[in-house]
Amino acid sequence: MFSPVVALVVLVAAVACLVYRISVVRALGTGWRVISALPGTRVDIEQGRSAVLVTIR
């Protein structure tokens, strides 16, 4: 379930936090809270005759 891509994204985010002088722990905690709040989210996008529905479970 834990993808190497996720580990890479977390590493890049941590480096970006250090570069921009943001607390790594606080930024990762905030990111986790945002991801935890996503289940049940539904996004409908329509552009002309094309439509995309994204549902996060």
Side-chain angles (χ1 to χ4, degrees):
M1 181 166 169
F2 189 73
S3 171
V5 175
V6 173
L8 182 62
V9 168
V10 169
L11 180 63
V12 169
V15 170
C17 286
L18 293 174
V19 169
Y20 290 104
R21 297 182 181 169
I22 298 170
S23 170
V24 176
V25 174
R26 190 169 186 178
L28 292 177
T30 301
W32 179 254
R33 285 191 296 271
V34 168
I35 290 171
S36 297
L38 288 176
T41 301
R42 180 179 166 162
V43 179
D44 295 319
I45 302 170
E46 292 185 30
Q47 176 91 24
R49 293 176 28 170
S50 301
V52 176
L53 168 65
V54 178
T55 303
I56 301 172
R57 297 181 185 231

List the atom of Cys17, the atom of Val24, and the distance in Å for their closest heavy-atom pair.
-> CB-CG2, 3.8 Å
Do Ile22 and Val15 share a hydrophobic cluster (ILVMFWY, side-chain heavy atoms under 4.5 Å, transitive)?
-> yes
For Ala51 and Glu46, work out which heavy atoms get closest and say how close.
-> CB-CG, 4.0 Å
Given the options Thr55, Val52, Leu53, Asp44 meets side chain to side chain contact (heavy atoms under 4.5 Å, CB included) only with Leu53
In this structure, CG of Leu28 is separated from CZ of Arg33 (nearest 0.5 Å) by 10.5 Å
In short, Leu38 meets Thr41 closest at the heavy-atom pair O-OG1, 2.5 Å
